[in-house]
Amino acid sequence: MGIGTRITEKLGIEHPIVQGGMQHVGLSALASAVSNAGGLGILTALTQPDPRALREEIARCRAMTDKPFGVNITVFPTINAPDYKGYAQVVIDSGVKIVETAGTPAVREIWDMLKPHGVTILHKCTSVRHALSAERGGCDIVSIDGFECAGHPGEDDIPGLILIPAAADKLQIPLLASGGFGDGRGLAAALALGAEGINMGTRFLATREAPIHDKVKARILENDERGTNLIFRKFRNTARVGKSDVSDEVVAISARPDSTFEDIRHLVSGARGKDVLDSGDLSRGLFWAGMVQGLIHDVPTCEQLVSRIVAEAETIISQRLAGMRARSKPNQTIDLI
């Protein structure tokens with residue numbers, strides 16, 4: 001039957017499943033596979049060295065799928081900023097109609113460029129207050145990231161079980177649930193909590209089309225729900241990464257009272273993280289992964305994964321939950337006299 005929501009209608013996709021933008025991973029091979037499976041694939045703009053390279057990656061993706069796909073543009077607080085507006089202009093010129101954004105409030109300058117061209121803005125937030133601000137600012141869909149997520153979960157430590165319904169209670173625009181999702185149980189739960197779809201990152205890492213080394217995929221399967229570390233807490237830029245000897249070392253160094261960012265800089269660079277994904281040598285740097293590792297036990301194709309998630313969610317909604325209601329009995333009056 002399929003699961004239709006405002007998310008599927010607004011994005012023009014078959015299933016309410018979005019692949020989150022991931023640095024060094026959001027390439028055409030993965031994005032096109034997710035879109036061909038009926039979800040929404042996302043290219044990551046900043047994975048490309050410059051706007052021209054993004055234009056070429058969009059063309060490659062379009063050659064691999066005739067389904068909708070999007071581009072992620074994340075605005076980081078940095079001194080030497082990338083050419084964000086150049087990337088946005090490539091999106092406009094290439095006719096891409098969906099953009100996932102995240103980062104600092106400066107991202108609204110990108111919205112101002114994109115919106116006049118009919119681009120749907122999907123913005124990632126880690127709190128209800130930021131989600132409401134994004135709604136007021138004109139974004140079309142909010143993706144709310146619970147504490148379970150890989151990447152940056154914010155500083156409030158609110159898990160999805162609370163954050164999703166809290167956001168759904170206050171937002172008028174459609175809501176995507178992100179953080180901890182990897183199977184049909186999660187999709188059904190997200191819908192029950194008030195979201196209209198799910199955003200998955202870590203789960204899509206463990207697919208055949210994900211452009212990362214098989215040893216990294218194997219570590220994701222090996223790690224359980226405890227298989228992450230929180231880093232950068234003392235710098236109020238908390239990030240969740242996969243548990244490894246390197247991330248353990250980052251945590252240990254950071255725990256020293258007198259430690260500074262300079263003490264861990266050599267371990268956490270993006271270049272070293274890319275090296276891990278490419279080489280599979282986990283001693284070379286960090287890899288991003290969420291708590292959902294505890295629910296990942298295989299490496300399917302994107303088609304197999306998306307189909308399985310939707311089928312499982314449909315079964316839960318139409319059979320398991322409906323069956324529980326059918327087993328309920330009318331209240332009976334007990335005579336105590």
Side-chain angles (χ1 to χ4, degrees), residues 17-20 22-23 25 124 126-127 143-167 176-193 195 197-208 210 212-233 238-252 254-255 268 273 276-277 280 282 285-300 302 304-306 308-310 312-313 315-316 320:
I17 298 174
V18 173
Q19 167 237 319
M22 294 176 281
Q23 184 74 341
V25 181
K124 298 180 73 173
T126 60
S127 69
S143 177
I144 197 83
D145 281 12
F147 185 56
E148 305 91 336
C149 73
H152 295 278
E155 307 302 320
D156 296 332
D157 298 0
I158 309 298
L161 191 61
I162 303 300
L163 188 60
I164 296 164
L176 272 174
S178 181
F181 295 99
D183 58 26
R185 295 171 297 181
L187 175 54
L191 297 174
L193 292 171
I198 57 175
N199 181 305
M200 300 195 309
T202 304
R203 188 59 187 94
F204 278 123
L205 289 179
T207 59
R208 293 184 196 173
I212 64 175
H213 200 281
D214 285 345
K215 288 184 178 179
V216 180
K217 298 178 186 181
R219 173 55 64 91
I220 290 172
L221 268 64
E222 177 185 335
N223 280 344
D224 60 17
E225 66 278 5
R226 301 166 299 170
T228 67
N229 276 317
L230 291 174
I231 61 175
F232 307 155
R233 296 235 82 175
T238 299
R240 186 182 299 281
V241 298
K243 187 173 179 60
S244 67
D245 289 344
V246 175
S247 64
D248 285 347
E249 184 178 357
V250 171
V251 171
S254 300
V268 303
V276 170
L277 299 180
L282 296 170
L286 302 174
F287 69 98
W288 302 88
M291 289 178 165
V292 74
Q293 288 174 111
L295 303 178
I296 298 175
H297 309 297
D298 63 353
V299 183
C302 290
Q304 291 168 337
L305 177 62
V306 171
R308 185 170 72 197
I309 289 173
V310 173
E312 184 180 10
T315 298
I316 290 170
R320 185 167 183 264

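Note that this is a predicted model, so its numbers are computed, not measured.
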Margin query: Can you confirm whether L230 sits close enough to F147 that some side-chain heavy atom of one is under 4.5 Å from a side-chain heavy atom of the other?
Written below: yes
Checklist line | Nearest heavy-atom neighbours spanning L193 and G160 | finding: CD1-O, 4.3 Å
Next item on the list: Report yes if some heavy atom in the side chain of L305 is under 4.5 Å from a heavy atom in the side chain of M200; otherwise report no.
Entry: yes
Check: Can you find a heavy atom in the side chain of D245 that is under 4.5 Å from one in the side chain of L282?
Finding: no
Check: In Å and rounded to the nearest 0.5 Å, what is the CZ to CD distance from R240 to E148?
Finding: 7.5 Å
Next item on the list: Search all heavy atoms of L191 against all heavy atoms of G197 and return the closest pair with its distance.
Entry: CD2-N, 4.1 Å
Item checked: Interatomic spacing from CG in L295 to CE in M291 - rounded to 0.5 Å -> 11.5 Å
Check: Does a donor on one side chain and an acceptor on the other come within less than 3.5 Å for S178 and D145?
Finding: yes
Checklist line | Nearest non-hydrogen partners of W288 and A239, listed with the distance | finding: CZ3-CB, 3.5 Å
Check: Does the R185 side chain pair with the main chain of E312, one donor and one acceptor, at a distance under 3.5 Å?
Finding: no
Check: Okay, side chain of S254, backbone of V251: is any donor-acceptor separation there less than 3.5 Å?
Finding: no
Check: When rounded to the nearest 0.5 angstrom, what is the spacing between CD1 in I198 and CD1 in I17?
Finding: 5.0 Å
Margin query: Is there a side-chain contact (heavy atoms from CB on, under 4.5 Å) between I164 and I144? Walk through the geometry before answering.
Written below: CA-CA 7 Å; I164 296 164; I144 197 83; 4.0 Å; yes
Check: Where do A150 and G290 come nearest, in terms of heavy atoms and distance?
Finding: CB-N, 3.4 Å
Note to self: When you measure from the side chain of S247 to the backbone of G242, do you find a donor-acceptor pair of N or O atoms at a distance under 3.5 Å?
What the structure shows: yes
Check: So how far is it from T126 OG1 to I158 CD1, rounded to the nearest 0.5 Å?
Finding: 10.0 Å
Next item on the list: List in chain and number order the residues that pass side-chain hydrogen bond (donor to acceptor under 3.5 Å, both in side chains) with E155, two or more places apart in sequence or in another chain; answer none if no residue qualifies.
Entry: T238
Notebook entry, point to check: Nearest 0.5 Å, what's the CG-CD1 distance between D224 and I220?
Noted result: 13.5 Å
Checklist line | Donor-acceptor under 3.5 Å (K217 side chain, L205 main chain) | finding: no
Item checked: Minimal non-hydrogen separation, F287 against V241, with atom names -> O-CB, 3.5 Å
Checklist line | Minimum heavy-atom distance between A206 and I296, given as atom pair plus value | finding: CB-CG2, 3.7 Å
Note to self: Does R233, at its CZ atom, have more than 12 non-hydrogen atoms belonging to other residues, nucleotides or ligands within less than 6.0 Å?
What the structure shows: yes
Notebook entry, point to check: How many angstroms lie between atom CG of N199 and atom OG of S143, to the nearest 0.5 angstrom?
Noted result: 4.0 Å
Notebook entry, point to check: When the ring planes of H152 and F232 are compared, do they come out parallel, tilted or perpendicular, using 30° and 60° as the limits?
Noted result: parallel
Item checked: Chi angles and distances behind the side-chain contact (heavy atoms from CB on, under 4.5 Å) call for V276, R219 -> CA-CA 12 Å; V276 170; R219 173 55 64 91; over 6 Å; no
Margin query: Whether the side chain of Q293 engages the backbone of N223 through a donor-acceptor N/O pair (distance < 3.5 Å, no angle test) should be reported.
Written below: no
Notebook entry, point to check: Just wondering, do Q19 and T207 contact through their side chains at under 4.5 Å, heavy atoms?
Noted result: no
